[in-house]
Structure formats: structure tokens, C-alpha cells
Asker: 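What follows is a single structure, and I will ask about it in a moment.
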Amino acid sequence: MSAEFDLINTFFKRPTTNTDLGIGDDAALLRVKSGHQLAVSADMLISGTHFFPDASPQSIGWKSLAVNVSDMAAMGAIPRWITLSIALPDVKEPWLEAFAKGFFACANTFNIDLIGGDTTRGPLSISVNIMGEVPTGHALTRHGAQADEDIWVTGKLGSAALGLAHLQDRITVDVASLDEALAALHKPKPRLNVGISLVGIASSCIDISDGLLADLGHILKASKLGANIKYETIPVMKAIHNNLQNDLIKHCILAGGDDYELCFTASKKHRDDIATLSKEHATPMALIGKTTAQTGIAVIHQGNPLSLETYGYDHFT
Ligand code: ADP
Ligand code: MG
């Protein structure tokens with residue numbers, strides 16, 4: 001028991017900046033700014049399912065928090081607090097030290113306090129709860145999109161899936177592109193500043209964790225709309241751009257998860273605002289299509305619709 005406290009104190013207790021009472025009591029105490037709602041989200045990462053059992057603990061630490069920050073970004077919320085519940089098969093101090101290094105690198109980048117959690121023995125799994133603040137009534141939800149709006153994405157899509165395919169020997173990525181693909185997979189950079197700045201501009205927003213079609217599909221389903229997407233306009237890294245016809249590459253772009261870019265809709269009247277935002281945050285934003293009153297997604301490649309079932313996409317009904 002005391003070993004558990006030592007472990008928590010050594011690896012997880014850090015000074016906090018937004019918190020009335022943090023780690024060490026039976027519960028933490030928080031204060032939400034007036035005029036704000038508390039945005040709460042959770043993500044769990046299981047060894048062997050969400051990361052390779054032998055993956056670098058530092059990147060597991062970064063990613064287990066980054067994917068949660070990305071959910072705050074997608075809501076337009078400012079993340080403030082996290083809890084960390086972790087099951088460990090055994091206590092390996094170098095592993096924990098590296099994990100904490102990656103985890104707090106991300107926490108410090110986004111100024112988030114670790115305020116509590118739980119530590120148990122078991123097959124390696126990491127569960128993070130994140131809480132943030134969003135001005136009341138202004139969160140970016142999935143259900144706010146209107147017909148005939150622009151559909152935008154940040155950054156490049158498919159890079160993380162390309163990195164994963166390389167690690168699984170399903171494709172060989174040339175050396176020049178490998179770093180970029182593996183960085184996207186192991187160290188995703190949540191688009192937090194962009195998400196927060198999209199409040200008042202975007203009509204709906206989601207982060208791309210399960211692939212463009214699946215995640216855009218969530219917006220469309222919640223907003224009761226469809227979409228027309230122009231395949232060629234989806235922003236991708238060079239190694240992908242050179243192979244747009246390849247089936248695996250199409251799969252990476254349309255169905256590849258783990259990019260943690262944002263996909264959002266906005267009225268056409270906001271095009272200038274979005275261009276300004278893109279410059280301000282040095283974040284590329286690409287207009288990839290538009291929403292339609294008619295449900296269903298069409299992805300057009302050189303004038304012809306792609307058959308989406310072959311890319312793991314279930315037409316929602
Ligand atoms: P309890 O028995 O009340 O559940 P614990 O012994 O599990 O308390 O935890 C003691 C304190 O350490 C609590 O404040 C808890 O939130 C915190 N804590 C436990 N595990 C972690 C962890 N992995 N990361 C951060 N804080 C933790
Ligand atoms: Mg406990």
C-alpha cells in the first residue's frame with residue numbers, strides 16, 4: 001500500500017495551477033469559471049489493442065493524454081483537469097518514469113493539472129478522464145451542421161494509418177516519409193488552439209480518431225445530412241499523394257484512424273475567418289466538400305464516385 005503511495009508521489013504528483021485540491025485526498029476539488037460549462041470526456045488505451053505491448057512508454061504517455069485533449073479541441077473546450085487510472089502488470093520504474101515523462105510533456109504543453117486517479121495491478125491499460133471549460137451554450141457539437149455548408153479538415157489525413165501499415169509490414173514507406181508517418185502515429189498533436197478558436201465559426205466539429213468517413217459520418221448522422229467530398233482535395237503527406245490510386249492508401253485517407261485532426265463544418269460566409277485562423281495558428285485547413293440535405297456520403301475521385309464499402313465504410317441509414 002505504502003509502495004503505491006510512493007509510486008503515485010514519485011511519478012504522478014506534480015504542482016497544479018488550476019486546482020483547489022489535487023492528488024492526495026479522497027477527491028479533488030475544482031472550480032469551474034462562471035459562465036462556463038464543464039466538458040467531460042474519457043478515453044481508454046489497452047495494450048495490444050491501442051498500442052503495441054512493446055511501444056515506447058514515453059509515446060504511450062503522450063498519446064494517452066493527447067487523444068483526450070483532442071476531444072476537448074473538438075468541443076471547443078479549454079482542458080483544465082485530468083485523472084489517470086492505470087493498471088500495471090508489474091512496477092518497472094524505468095517504464096513508469098518514461099511514461100510519466102511523455103504524459104507530463106503533453107500535460108505541460110496544454111497546461112492541464114493531473115488531479116487524481118487510481119493505480120492497480122493488471123494487464124497494462126491506461127484510462128484518462130479529462131475535464132475542461134467551454135462558454136455556456138457555445139460548445140462545438142456534432143449536431144449543429146446545416147445543409148450546403150463547407151466541410152473542412154485540419155492538417156493531413158492518413159499519415160498515422162500509413163505509419164501503422166508500415167509497422168505491420170502491409171506497405172513499405174520510404175525513409176524520407178517514415179519519420180512523418182510514425183510521428184503522426186506515436187505523437188499526435190491535438191489541434192487545441194484551432195478548436196477553441198472555432199467557437200462561433202464552426203457549426204459542428206469532431207476529431208478524426210476513427211477515420212474521415214466514420215467521424216464525418218457521426219456529424220452527418222447527428223445533423224441529419226449527407227456530404228459530397230472531393231477526394232483530390234483531402235490534404236495528405238507526399239508519400240500518400242504520390243499513390244492516390246493505391247487501395248491501401250485510399251483506405252489510409254478515408255478510413256485511417258489516429259490522426260486526431262479536426263473535421264468541421266462552417267457556413268460559406270466564414271471562409272475568410274477560417275483563412276485568418278489558419279494563418280494565425282500556422283495550421284493548414286482544407287475545404288474538402290460540402291454538406292447536402294440528402295443523406296449519404298459521396299466521395300468523388302476525378303469525376304467518379306468511389307465505392308466506399310471497400311474502404312471499411314458502412315453506409316449509415
Ligand atoms: P482511494 O483509496 O481513496 O481510492 P488511492 O490510494 O487510490 O485513494 O489514491 C490516493 C490518491 O492518489 C488519490 O488522491 C488519488 O486520486 C491519487 N491517485 C491514485 N492513483 C493515481 C494516478 N495513477 N495518477 C494520479 N493520481 C493518482
Ligand atoms: Mg483508489
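Counting starts at 1 for both ligands and their atoms, in listed order. Heavy-atom basis, side chains included; hydrogens, waters and symmetry copies ignored.
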Asker: Suppose I only count heavy atoms of Ile23 and a 4.0 Å limit; which atoms of ligand 1 are within that range?
Answerer: 12 (O), 14 (O), 17 (C), 25 (C), 26 (N)
Asker: Answer with side chain, backbone, both or neither: which part of Asp118 has a heavy atom less than 4.0 angstrom from an atom of ligand 1?
Answerer: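 Both of them.
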Asker: Determine, for Glu180 against Lys156, whether the closest basic-nitrogen to carboxylate-oxygen distance falls under 4.0 angstrom.
Answerer: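 Salt bridge: yes.
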Asker: If hydrogens are left out, which of Ile82, Leu84, Ile115 has an atom nearest to atom 23 (N) of ligand 1, that is, the closest non-hydrogen atom?
Answerer: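 The nearest heavy atom belongs to Leu84.
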Asker: Just grab all the ring pair (Phe, Tyr, Trp, His ring centres under 6.0 Å) pairs involving residues 226-249, residues at least two apart or on different chains.
Answerer: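 Non-adjacent pairs meeting ring pair (Phe, Tyr, Trp, His ring centres under 6.0 Å): Tyr231-His301.
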Asker: Give the numbers and elements of all ligand 1 atoms closer than 4.0 Å to a heavy atom of Ile86.
Answerer: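 Near Ile86, the atoms of ligand 1 are 23 (N).
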Asker: Surrounding CG of Asp174 (heavy atoms of other residues, nucleotides or ligands, distance under 6.0 Å), is the total greater than 12?
Answerer: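 Correct, the count exceeds 12.
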Asker: Examine the proximity of ligand 1 to Asp25 and report which part, side chain or backbone, both or neither, has a heavy atom under 4.0 Å away.
Answerer: backbone
Asker: Any donor and acceptor pair, going by atom type alone, linking the side chain of His166 with main-chain N or O of Val173 inside 3.5 Å?
Answerer: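 Yes, His166 side chain to Val173 backbone: donor-acceptor pair under 3.5 Å.
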Asker: So which bit of Ile8 gets within less than 4.0 Å of ligand 1, heavy atoms only: side chain, backbone, both or neither?
Answerer: side chain
Asker: Counting only heavy atoms not in Gln294, do more than 12 sit closer than 6.0 Å to its CD atom?
Answerer: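 Count not over threshold, so no.
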Asker: What atoms of ligand 1 come within less than 4.0 Å of a heavy atom belonging to Asp26?
Answerer: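 In order of numbering, the contacting atoms are 3 (O).
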Asker: Apart from Ile46 itself, what residues make up its hydrophobic cluster when side-chain heavy atoms of I, L, V, M, F, W and Y under 4.5 Å apart count as a link, directly or indirectly?
Answerer: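 Other cluster members: Met44.
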